[in-house]
Amino acid sequence: MIDLIIFLGLITTGYVVGQTLERRHYRAIEQREAALLALPTTSTKRSFGTVPPGTRSELVQGACCISVDYFKRIAASLRQLFGGRVSSYETLVDRARREAILRLKEGAGDAHQIINLRLVTSSITKGQRGQVGAIEVHAYATALYDH
Amino acid sequence: MFVTTTDDIPGRTITACHGVASGSTVRAKHAGRDIMAGLKNIVGGELKGYTELLNEAREEAYQRMLDQAVQMGANAVVNVRFSTSSVAAGASEIYVYGTAVTVEG
């Protein structure tokens, strides 16, 4: 009985707090993305146009480690019974990737373009029964500066 | 010191190649961070402790790669790649590698 109460308590807390945090995070991500939209970013090895001699290039990085809430973890384990789209994990990786790219861009200062962006995703903690509990996304790229 | 993830350095010419420079480090998380992460697992969200830990580890591996490149007589490292692997429960290895070169211009 007590176990059940704890379980339901965890699920409710996870759902309410987790959803609120996620909505807040998405709002922040969208605002910051809009502010950085003018900075050209590509995953190609070549830069846009001709690069003048004397351009400074530098490695820039951004990383983010995000965990899912208790409700989503349970929802995902139920999903594993039937298969199909696990939307609770889709938002997890989406948030982590966008946050990592934003951090990279924010750390690039007055770069005029960012090229060869690479993303690496790794699972850092394993939850119960070998499920994904938290993931880390590392974004790295080359930033080009005028001087 | 120029460090890029591209094959060349935009606007500059590579004049000599010195081989592969690499750096690695293995880090374990400490119990305090694990407890905090355990709590964070209920409500979800960013695990700041882990983000910091991995950033520190990456910084160290990166520095080791640069030191090695300097020893080789290079003034730039091109085509840098990062990789993460878990070597044991609670410990992960960060490996950074790139090609040490000399650039002019």
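All chains are named by letter (A, B, ...) in the order of the sequence lines, taking the proteins before the strands, and each is independently numbered beginning at 1.
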*Flag the one option from B:Ile9, B:Thr84, B:Asn55, B:Asp7 with the top tally of heavy-atom pairs under 4.5 Å to chain A.*
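The residue among B:Ile9, B:Thr84, B:Asn55, B:Asp7 with the greatest pair count is B:Asp7.
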
*Residue selection (most heavy-atom pairs with chain A, distance under 4.5 Å) from B:Gly11, B:Gly49, B:Ser85, B:Gly45*: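 Max contact count across the listed options: B:Gly45.
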
*asked:* Here's one to test your reading of the geometry: is the NZ or CZ of A:Arg118 within 45 degrees of the ring axis of A:Tyr140 and under 6.0 Å from its centre?
replied: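 Not satisfied by the 6.0 Å and 45° rule.
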
Chain B contact via [X] - which portion, at a heavy-atom distance below 4.5 Å:
{"X": "A:Arg103", "answer": "side chain"}
{"X": "A:Gln61", "answer": "side chain"}
{"X": "A:Leu144", "answer": "side chain"}
{"X": "A:Arg56", "answer": "both"}

*A:Ile6 with B:Ile42, same ILVMFWY side-chain cluster at under 4.5 Å*: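 Per the 4.5 Å side-chain linkage, A:Ile6 and B:Ile42 are co-clustered.
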
*asked:* With heavy-atom distances below 4.5 Å as the criterion, would you say the side chains of A:Lys105 and A:Ile114 are in contact?
replied: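 A:Lys105 reaches A:Ile114 side chain to side chain.
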
*Taking atom CD of A:Glu90 as the centre, report whether more than 12 heavy atoms of other residues, nucleotides or ligands fall under 6.0 Å from it.*
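More than 12 heavy atoms, drawn from other residues, nucleotides or ligands, come within 6.0 Å of this atom.
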
*More than 12 heavy atoms of other residues, nucleotides or ligands under 6.0 Å from CZ of B:Phe2: is that the case?*
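More than 12 heavy atoms, drawn from other residues, nucleotides or ligands, come within 6.0 Å of this atom.
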
*Under a 4.5 Å heavy-atom cutoff, which of A:Gly14, A:Ser57, A:Ala141 has the most pairs with chain B?*
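Greatest number of close heavy-atom pairs with chain B: A:Ser57.
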
*Given the options A:Leu21, A:Val51, A:Thr20, A:Leu117, which has more heavy-atom pairs under 4.5 Å with chain B than any of the others?*
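The answer is A:Val51.
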
*Which atoms of B:Arg81 come close to chain A, meaning under 4.5 Å heavy atom to heavy atom: side chain ones, backbone ones, both, or neither?*
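Both parts, backbone and side chain.
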
*For A:Thr91 and A:Lys72, does a side-chain donor sit closer than 3.5 Å to a side-chain acceptor?*
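A:Thr91 vs A:Lys72: donor-acceptor pair found between side chains.
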
*Relative to each other, are the rings of B:Tyr62 and B:Phe82 parallel, tilted or perpendicular (30° and 60° limits)?*
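The rings of B:Tyr62 and B:Phe82 lie parallel, inter-plane angle below 30°.
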
